[in-house]
Amino acid sequence: MGDYGRISVHDALGGGAVADILLWRNVYGGGVVVIVSTIFWFLFERGGYNIVAFVANNLLLLVVILFFWAKSATLLNRPLPPIPELDISEESVLIAADEMQVWIDHAFSVAHDIAISGNLKTLIAVVSSLWLISYVGSFFNFLTLIYIGILLSLSMPFLYDKFQAQVDEKLVIVRKITNFIFRKADIILQMIPLTHNKQKTQ
């Protein structure tokens, strides 16, 4: 089986620094993400520390340190704390807004397919995805679910990149089975008489 038509996982993930981390081409970055997320999960989930208290205490410590640093710097003629100026450009805001618009348009498109077009495939895909999220989410709380998502995002693309040929063969079989099921379901639904609301003529 050749590599014809097979896309690069790195290119599919954007081909940037994030793709390097997800595929463990940047081992240092991937290790930092795993270690930091594990520390945060252990701190908040197992340690029982409250995330609001954690953020507030760290901001309090930072503000106090900066205040005394600035005061001592003026008294001792030392440089002031190096605080970078945060300037969010209009271009970056527009890029973020465009990205959000794409996601919102996609959500409305899916809703249109289900509510107006009556697309059975889209309905089954959305219902099964939401049910799966609800079912898995019932076993974990939100922080554990995020932690599992981080671990999966750092393992699944890497494993798929290593075993892409074998996984693609199985996905082709699964796709054929699901297409067969959808065709049968469409035939059954076409046999059911549907009543449509007609506009009353005056």
Side-chain angles (χ1 to χ4, degrees), residues 1-27 29-30 33-34 37-38 41 94-199:
M1 188 172 179
D3 293 339
Y4 177 74
R6 187 172 299 152
I7 62 170
S8 169
V9 180
H10 189 264
D11 292 338
L13 292 173
V18 175
D20 291 338
I21 291 175
L22 293 178
L23 294 175
W24 288 91
R25 295 184 182 181
N26 182 355
V27 180
V33 171
V34 170
S37 59
T38 303
W41 176 78
L94 291 175
I95 292 173
D98 289 341
E99 191 68 26
M100 286 182 61
Q101 183 183 5
V102 170
W103 285 96
I104 293 171
D105 287 344
H106 179 67
F108 281 126
S109 174
V110 170
H112 183 274
D113 283 346
I114 294 173
I116 307 299
S117 302
N119 192 329
L120 180 64
K121 266 188 187 177
T122 307
L123 175 66
I124 292 175
V126 171
V127 168
S128 58
S129 300
L130 292 176
W131 177 83
L132 183 63
I133 292 172
S134 173
Y135 182 74
V136 173
S138 64
F139 293 104
F140 311 101
N141 62 19
F142 187 62
L143 285 176
T144 304
L145 206 58
I146 291 176
Y147 180 62
I148 291 173
I150 292 172
L151 293 182
L152 287 177
S153 65
L154 287 169
S155 58
M156 298 298 288
F158 175 76
L159 292 174
Y160 178 69
D161 188 43
K162 291 293 182 187
F163 307 103
Q164 188 175 4
Q166 295 88 335
V167 174
D168 285 346
E169 290 177 2
K170 304 299 184 292
L171 288 178
V172 168
I173 297 172
V174 171
R175 185 179 180 87
K176 289 180 180 178
I177 294 172
T178 53
N179 285 338
F180 176 76
I181 293 172
F182 280 129
R183 281 197 300 269
K184 290 292 185 182
D186 284 336
I187 293 172
I188 293 171
L189 286 177
Q190 288 174 3
M191 294 178 180
I192 300 173
L194 299 175
T195 59
H196 298 283
N197 294 327
K198 297 181 179 179
Q199 294 181 350

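As a basis for the values below, the full set of heavy atoms in this structure was taken, side chains included, without hydrogen atoms, waters or symmetry mates. Source: prediction; values computed, not measured.
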Using 0.5 Å steps for rounding, measure from the CD atom of Q101 to the CG atom of L94. 11.0 Å
Report yes or no: does S134 contribute a side-chain atom to a donor-acceptor pair with the main-chain N or O of L130 at less than 3.5 Å? no
Return the minimal non-hydrogen interatomic distance between A125 and S128, and the atom names on each side. O-OG, 3.0 Å
Side chains of N141 and T144: does their closest heavy-atom pair fall under 4.5 Å? yes
Using a 4.5 Å cut-off on heavy atoms from C-beta on, say whether the side chain of H106 contacts that of V110. yes
Nearest 0.5 Å, what's the CD-CD1 distance between E99 and I104? 11.0 Å
List, one per line, each side-chain donor-acceptor pair under 3.5 Å for residues 17-26, sequence neighbours excluded.
residue	atom	partner	partner atom	Å
D20	OD1	H10	NE2	2.7
W24	NE1	L154	O	2.6
N26	OD1	Y28	N	3.4
N26	OD1	G29	N	3.0

Measure the acute angle between the ring planes of Y135 and W131, then classify it against the limits of 30° and 60° as parallel, tilted or perpendicular. parallel
To the nearest 0.5 angstrom, please state how far the CZ atom of F163 sits from the CZ atom of F158. 8.0 Å
So OH of Y160 and CG of L171: to nearest 0.5 Å the spacing works out to 6.5 Å
Point-to-point distance, once rounded to the nearest 0.5 Å, from CZ of R183 to OG1 of T178: 9.5 Å
Decide yes or no for Y147 and T38: does some side-chain heavy atom of the first lie under 4.5 Å from some side-chain heavy atom of the second? yes
Rounded to the nearest 0.5 Å, what separation is found between the CG atom of L143 and the OG atom of S37? 11.5 Å
With V126 as reference, evaluate I124, T122, L123 under the side-chain contact (heavy atoms from CB on, under 4.5 Å) test and give the passing residue. T122
When you measure from the side chain of N179 to the backbone N and O of R175, does any donor-acceptor pair fall under 3.5 Å? yes
